[in-house]
Amino acid sequence: MSSRGWGLVLGCYLLLAFAWSPVLSHVPRGQQERRVQEGTQEPPTPLDHAERAEKYSPRQGEEPPASRCYRCCDSGTPVYQTIPAPQINITILKGEKGDRGDRGLQGKYGKTGSAGARGHIGPKGQKGSMGAPGDRCKNHYAAFSVGRKKPLHSNDYYQTVVFDTEFVNLYSHFNMFTGKFYCYVPGIYFFSLNVHTWNQKETYLHVMRNEEEVVILYAQVSDRSIMQSQSLMLELQEQDEVWVRLFKGERENAIFSDEFDTYITFSGYLVKYAAEP
């Protein structure tokens, strides 16, 4: 504690001693004389309760002396001198401001109150700035166009027409080795087949979906050769196969081509993706 604090405490003690000294030192005059007499005389014989009551009780018509002592069991109301309570200026006792204490522990959470009433609708905010452009919509494509420069004659079994010239083969969905288009994007497709007939021979082919004959391309025997075509639209599921098959050799069946020009073509492309609305 600083010297100033000790000085304030000492001043408080002095003020209290000064204020209470009259009270502590005040003794009634009768009690002072009695004390002097008691100091010179022998101690009196103890009295019983009745004698003490008769001796110390006031007689009828007499006022009890102001300096006489009373016990709690005696009758009558004692009269004491009224001494005003000391007044202390509490402002001089105020010390210096102490240091801030440590933060206490967090108390327990109170009970959750009931939900309040719904507030009023706030004002409409300002229009925001334009956002960044989004990603481009994902489109689905599938297309192929292939040709053959070699003629093909029938024999005792069905033959898959294999193509040797590739014009368009998007994402390699058409397999040049097997001669089949494999569907990786389900949807509606358009297909077209073009061949050149052989004079004096029949032309007999099928457009196949998996192992199913879908449409036929046919030309009767003729003295002259002509271009013959077939087209269609198919709804395909994923992993479906589309290919061209030459009929087996029950008849004289052939298609014409040579190494200088391409007479046989097979094409197809996606018209509508299956997941589009």
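Numbers here are sequence positions counted from 1. FYI, side chains are in, hydrogens and waters are out, and symmetry mates aren't considered; it's all heavy atoms of this structure.
Grouping the Ile, Leu, Val, Met, Phe, Trp and Tyr side chains by contacts below 4.5 angstrom, directly or via other members, places F174 apart from Y171. Note on W243: it does not cluster hydrophobically with F266, by side-chain heavy-atom contacts below 4.5 Å among ILVMFWY residues. Under a hydrophobic-cluster definition in which Ile, Leu, Val, Met, Phe, Trp and Tyr are linked whenever side-chain heavy atoms come within less than 4.5 Å, directly or via other members, V214 and I216 are assigned to different clusters. Hydrophobic clustering (ILVMFWY, side-chain heavy atoms < 4.5 Å, transitive): L232 and V195 are in one cluster. If you chain together hydrophobic residues whose side chains sit under 4.5 Å apart, L236 and V271 never meet in one group.
Here the side chains of F191 and V242 are in contact, with some heavy-atom distance below 4.5 Å. Taking 4.5 Å as the limit, every side-chain heavy atom of F247 sits out of range of all side-chain heavy atoms of S154. Proximity of M208 to E213: side-chain heavy atoms (C-beta onward) are separated by under 4.5 Å at one or more points. Contact of the T203 side chain with the I255 side chain is registered, since non-hydrogen atoms from C-beta on lie closer than 4.5 Å.
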Q: Let me see the working for Y269 and F144 under ring pair (Phe, Tyr, Trp, His ring centres under 6.0 Å), right down to the final yes or no.
A: CA-CA 6 Å; Y269 60 88; F144 74 94; 9.3 Å; no
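To the nearest 0.5 Å, the span separating CZ on R245 from NZ on K180 amounts to 11.0 Å. Taking OG of S145 as the start and CZ of F163 as the end, the distance is 9.5 Å to the nearest 0.5 Å. Rounded to the nearest 0.5 Å, atoms CZ (F167) and OG1 (T265) are 7.5 Å apart. In this structure, L193 CG and H206 NE2 are separated by 11.5 Å, a value rounded to the nearest 0.5 Å. Here the straight-line distance linking atom CZ of R209 with atom CG of L234 works out to 5.0 Å at 0.5 Å rounding. Note that CD1 of I226 is 11.0 Å distant from CG of N199, once rounded to the nearest 0.5 Å.
Judged by distance alone, the side chain of D164 and the main-chain N or O of K149 form a donor-acceptor pair under 3.5 Å. Of the possible polar contacts, none joining the W198 side chain to the V221 backbone as a donor-acceptor pair under 3.5 Å is found. With hydrogens and angles disregarded, a donor-acceptor distance shorter than 3.5 Å links the side chain of N210 to the backbone of E241. Judged by distance alone, the side chain of N253 and the main-chain N or O of Y204 form a donor-acceptor pair under 3.5 Å. Side-chain atoms of Q237 do not come within 3.5 Å of backbone N or O of C183 as any donor-acceptor pair.
Across all non-hydrogen atoms, the minimal contact from Q228 to Y218 is NE2-O, 3.1 Å. Between P151 and F256, the shortest heavy-atom distance links the atoms CB-CA, 4.3 Å. Heavy atoms only, all atoms of each residue included: L152 and R148 are closest at CD1-NH2, 3.8 Å. When every heavy atom of A219 is checked against every heavy atom of T197, the shortest pair comes out as CB-CG2, 3.5 Å. Scanning both residues, E238 and P186, for their nearest heavy atoms gives N-CB, 4.0 Å. For the residue pair Y263 and M227, the shortest heavy atom distance occurs at O-CE, 3.7 Å.
A 6.0 Å sphere centred on CD of E212 holds more than 12 heavy atoms belonging to other residues, nucleotides or ligands. No more than 12 heavy atoms of other residues, nucleotides or ligands sit less than 6.0 Å from atom CG of D156. Other residues, nucleotides and ligands contribute over 12 non-hydrogen atoms within 6.0 Å of the CD atom of E166.
Of the candidates Y184, Y182, Y141, Y184 is the only one forming a ring-ring contact (aromatic ring centres under 6.0 Å, His included) with H173.
For D223 and Q200, the side-chain atoms include at least one donor-acceptor pair closer than 3.5 Å.
If you look at F181 and Y189, their ring centroids are closer than 6.0 Å.
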